[in-house]
> 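I have a structure here, written as structure tokens, and I will follow up with some questions on it.
No experiment lies behind these values; they were computed from the predicted model shown. What's counted below: heavy atoms across the whole structure, side chains too, no hydrogens, waters or symmetry copies.
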Amino acid sequence: MRVAVTYENGHVFQHFGHTEQFKLYDVEDHQIQRMQIISANGQGHGALAEFLSDLDVNVLICGGIGGGAQTALNQANIKIYGGVSGNADDVVNAYVRGELTYNPDIKCSHHEHEEGHTCGTHKCNEDKHGCAGNN
């Protein structure tokens, strides 16, 4: 199984569509066998689903993620664990042990609204907001 984590400075990056790096973990028999950090090559939002699918990713662990990206990842048969924060290695070890805490209702994280972007039903405060599934 291959697990990808949105990655920045050792931690889970909090906005899937703006991630510049992923850390990939190859897991066999409940053990991490191999890790590597890869560049997202400027891909964003929906294009990242195809990028991860081409890398044979089965599971994505991330902070915030929008609905369009969730749909694209679901269509690529990549299971999403959103609303996660902390050290990337610790998070993946928790996942491997079956102890990962995540938010299945995650919608998106802190970002400026883009044309056509929706984060579900919430009220935004000017151009910055948090919509991590609990607003």
> Would a 4.5 Å heavy-atom cut-off, applied to side chains only, mark Phe16 and Leu60 as touching?
yes
> Could you check whether any side-chain N or O of Ser53 sits under 3.5 Å from a backbone N or O of Ala49, counting only pairs where one atom can act as donor and the other as acceptor?
no
> Just checking Glu20: does its CD atom have more than 12 heavy atoms from other residues, nucleotides or ligands closer to it than 6.0 angstrom?
no
> Enter the distance from Ile61:CD1 to Tyr25:OH here, rounded to the nearest 0.5 Å.
8.0 Å
> Please tell me if the side chains of Ser85 and His11 come closer than 4.5 Å, counting only heavy atoms from C-beta onward.
no
> Same cluster for Tyr7 and Leu73 if Ile/Leu/Val/Met/Phe/Trp/Tyr side chains link at under 4.5 Å?
no
> Check the surroundings of atom CD in Gln31: do more than 12 heavy atoms from other residues, nucleotides or ligands lie under 6.0 Å from it?
no
> Indicate the atoms forming the closest heavy-atom contact of Ala4 with Leu24, along with that distance.
CB-CD2, 3.5 Å
> Please check: side-chain N/O of Arg2 versus main-chain N/O of Leu55, any donor-acceptor pairing under 3.5 Å?
yes
> Out of curiosity, Gln36 CD to Gln21 CD, how far, rounded to the nearest 0.5 Å?
12.0 Å
> Quick one: CG on Leu48 to CG on Asn41, what's the gap to the nearest 0.5 Å?
10.0 Å
> Between Phe22 and Phe51, how do the two ring planes meet: parallel, tilted or perpendicular, split at 30° and 60°?
tilted
> So how far is it from Tyr95 OH to Met1 CE, rounded to the nearest 0.5 Å?
4.0 Å
> Would you give the length of the straight line joining atom CD of Glu99 to atom CG of Asn93, rounded to the nearest 0.5 angstrom?
10.0 Å
> Answer with yes or no whether the hydrophobic clustering places Val5 together with Ile38; edges join I, L, V, M, F, W, Y residues whose side-chain heavy atoms lie under 4.5 Å apart.
no
> Does the side chain of Asp89 come within less than 4.5 Å of Met35's, by heavy atoms?
yes
> Would a hydrophobic clustering, with Ile, Leu, Val, Met, Phe, Trp and Tyr connected at side-chain separations under 4.5 Å, put Ile37 with Val3?
no
> Could you give the distance from CG (Asp26) to CG (Asn58), rounded to the nearest 0.5 Å?
9.5 Å
> Between Ile78 and Leu100, is there a shared hydrophobic cluster once you connect ILVMFWY residues whose side-chain heavy atoms come closer than 4.5 Å?
no
> To check you understand the geometry: which heavy-atom pair defines the closest contact between Thr6 and Cys62, and what is its length?
OG1-CA, 3.5 Å
> Check whether Val57 and Val27 end up in the same hydrophobic cluster, where Ile, Leu, Val, Met, Phe, Trp and Tyr are linked by side-chain heavy atoms less than 4.5 Å apart.
no
